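First up is the structure itself, then whatever we jot down about it.
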Amino acid sequence: MADRIGVVEQKKSVVSGPLRQRAPSTEAQFADANIGSPSLSSDASLYWLALGTFAVGTEGHMIAAILPRISADLVVSVETAGQLVTIFALTYALSSPILTAFMGHFDRRRVLLAAMAAFAVTNVLAAIAPTYGSLAIARVLLAISAGLYVPNANALGSALVAPEKRGSALAIVSGGLGVAVAIGVPLGSLIGDTFGWRVAFVGVAVLAGIAFVGLLNGLPANVGKGLAVMTLRERLLVVRQPGALVTLLQTTLFAIGAYAAYTYVALLLSTIAGFTGKGISIALFLFGVSAFLGIVVGGNLSDRIGGRRVAALTMPLLAVVFIMISTLPHWLPVSEAGGFMLALVAVWGFASWAFFPAQQARLIAITGARAGPIALSLNSSCLYLGFSIGAAAGSMVLTFGSAPDLGWASALFVFLSFALFFVKAAPGSVRSTA
């Protein structure tokens, strides 16, 4: 979700730190590759790429809203159904950097088209999955295809335009994920509630199919020719930059906290405020709009006051929201908690998503411009690793506790992430103030 959402911050924020000459620089060759000149179809191609990221983002996040229905239909517990989030996120985190590096020497346009085609077909397989096991396999395949599509979409989006327009191009491609959170997820929840969870997967398959046709006809045949690819070794060398490893660990802990609760958001809304069906869809729409505002505000504030300050402000705010969610049942009955829960959901969406562009700006300032793409890629892997652990942690909380206890677990991990601000730099290194 998120090396794409705020990647445009790379263009704005790299001036805050010196270039690290020892950092890997393969993907920096985007600016030097002779990939053809921009054409009148470039803008259209960017929006087709964005439609693909919109489909990926919708599928990746909407499942949290339809977990109770999947649980009931496949006759498994909600916490077991929640492992579908763990399966997807962990597969994405592990497969995306490996496969992206491995497939880097293949024609990127073909890889992109194959990934989107596979994503569309696998959504159909998920829709017709007769058992929990078959749905889990479909989620593995979905994660693999999504993890191949998104990095290549960013790379080709960058290659479609002139160097001075690459920041705007990446913002368009990445914007598909932000719109997915704001619109795709609540729409998927509404469709799942009205027609069944299987139809929600069919809807994503249709979106992916439309994106595939658009990309097949709209992407120039020679796009991406000459682009270099970073190796796994080059990716891992980035963590040697002072402050990079701690910042990536911070991303992972934050993601664990965010997803321990979000994976079971439908259950939380039902248990604490009595929301069902359309009420859950409305709450998720509010969450999505607030998240989109968080992305915009978080990115702009990072330019003005620095990513470190924005992250340091959003973390405690989010932790307090989770604590209030856990304590809400103790001071308000279900019949009266709806308004307060909606307010908390709005702040939850804003604070959690304002963190992401700020964290990305910090990483680029820490590692330098030349290693920026690699740092963002590693940040994405850490993010999805955190999502997978968070979903598993939420499942454990439900096994031994109740839905409101999810807030305590989420707050704990967010506070742990915040505590890393006070970790001293290793001897001989420079402590980052990014």
Side-chain angles (χ1 to χ4, degrees), residues 1-11 13-14 17 19-20 22-30 60 88-104 143-144 146-155 158 170 173-174 177 227-256 258-259 302 307-308 311 355-390 417 420 423 425-426 429 432 434:
M1 206 171 19
D3 68 294
R4 293 85 60 189
I5 292 175
V7 72
V8 69
E9 299 304 319
Q10 172 184 344
K11 182 179 179 183
S13 303
V14 293
L19 298 183
R20 270 59 166 189
R22 60 178 178 173
S25 59
T26 359
E27 289 206 359
Q29 297 177 27
F30 283 157
F88 180 94
L90 185 59
T91 303
Y92 189 111
L94 297 178
S95 68
S96 183
I98 295 173
L99 291 179
T100 300
F102 176 77
M103 301 294 288
I144 291 172
L148 263 179
Y149 176 83
V150 174
N152 278 286
N154 282 324
S158 173
L170 289 173
V173 177
S174 302
L177 289 164
L227 283 179
V229 63
M230 55 186 173
T231 65
L232 285 175
R233 180 175 178 273
E234 287 174 323
R235 290 172 183 263
L236 295 175
L237 282 176
V238 171
V239 301
R240 296 177 61 182
Q241 299 288 353
L245 184 59
V246 171
T247 305
L248 290 171
L249 178 58
Q250 203 172 36
T251 294
T252 304
L253 289 171
F254 184 90
I256 293 172
Y259 247 64
S302 295
R308 181 184 177 89
F355 168 84
F356 294 128
Q359 190 75 341
Q360 289 157 348
R362 289 183 64 209
L363 274 170
I364 293 169
I366 289 170
T367 61
R370 300 179 67 183
I374 304 175
L376 293 180
S377 177
L378 285 173
N379 189 62
S380 179
S381 291
C382 289
L383 197 63
Y384 276 92
L385 178 62
F387 290 165
S388 67
I389 298 173
S417 180
L420 291 180
V423 172
S429 67
S432 171

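Computed from a predicted model, the values in this text were never measured in an experiment.
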*At what distance, to the nearest 0.5 angstrom, does CZ of Arg308 lie from OG of Ser302?*
13.0 Å

_Holding to side chain to side chain contact (heavy atoms under 4.5 Å, CB included), I want the full list of residues that pass it with Leu99, two or more places apart in sequence or in another chain._
Ser95, Ile144, Leu148

*Ser380 to Tyr92 - nearest heavy-atom pair and separation*: OG-CE2, 4.1 Å

*May I ask you to decide if the ring planes of Phe254 and Phe355 are parallel, tilted or perpendicular, using 30° and 60° as cut-offs?*
parallel

*Considering all heavy atoms, the nearest Leu383-Ala255 contact*: O-CB, 3.5 Å

*Gap separating the CZ atom of Phe88 from the CZ atom of Phe387, nearest 0.5 angstrom*: 10.5 Å

*Which distance, rounded to the nearest 0.5 Å, do you find between the OG1 of Thr247 and the CG of Leu420?*
8.5 Å

*Nearest 0.5 Å please: distance from the CD1 atom of Ile389 over to the OH atom of Tyr384.*
15.0 Å

*Which atom pair, heavy atoms only, marks the closest approach of Ala358 to Ala311?*
CB-N, 4.1 Å

*Could you tell me which residues satisfy side chain to side chain donor-acceptor pair (under 3.5 Å) with Thr251, sequence neighbours excluded, listed by chain and number?*
Gln359, Asn379

*Residues Leu363, Leu248; criterion side-chain contact (heavy atoms from CB on, under 4.5 Å); working and verdict*: CA-CA 8 Å; Leu363 274 170; Leu248 290 171; 3.9 Å; yes

*Ignoring hydrogens and geometry, is there a side-chain-to-backbone donor-acceptor pair from Ser417 to Gln250 under 3.5 Å?*
yes

*Quick one: does Ser388's side chain have a donor or acceptor within less than 3.5 Å of a partner on Leu385's backbone?*
yes

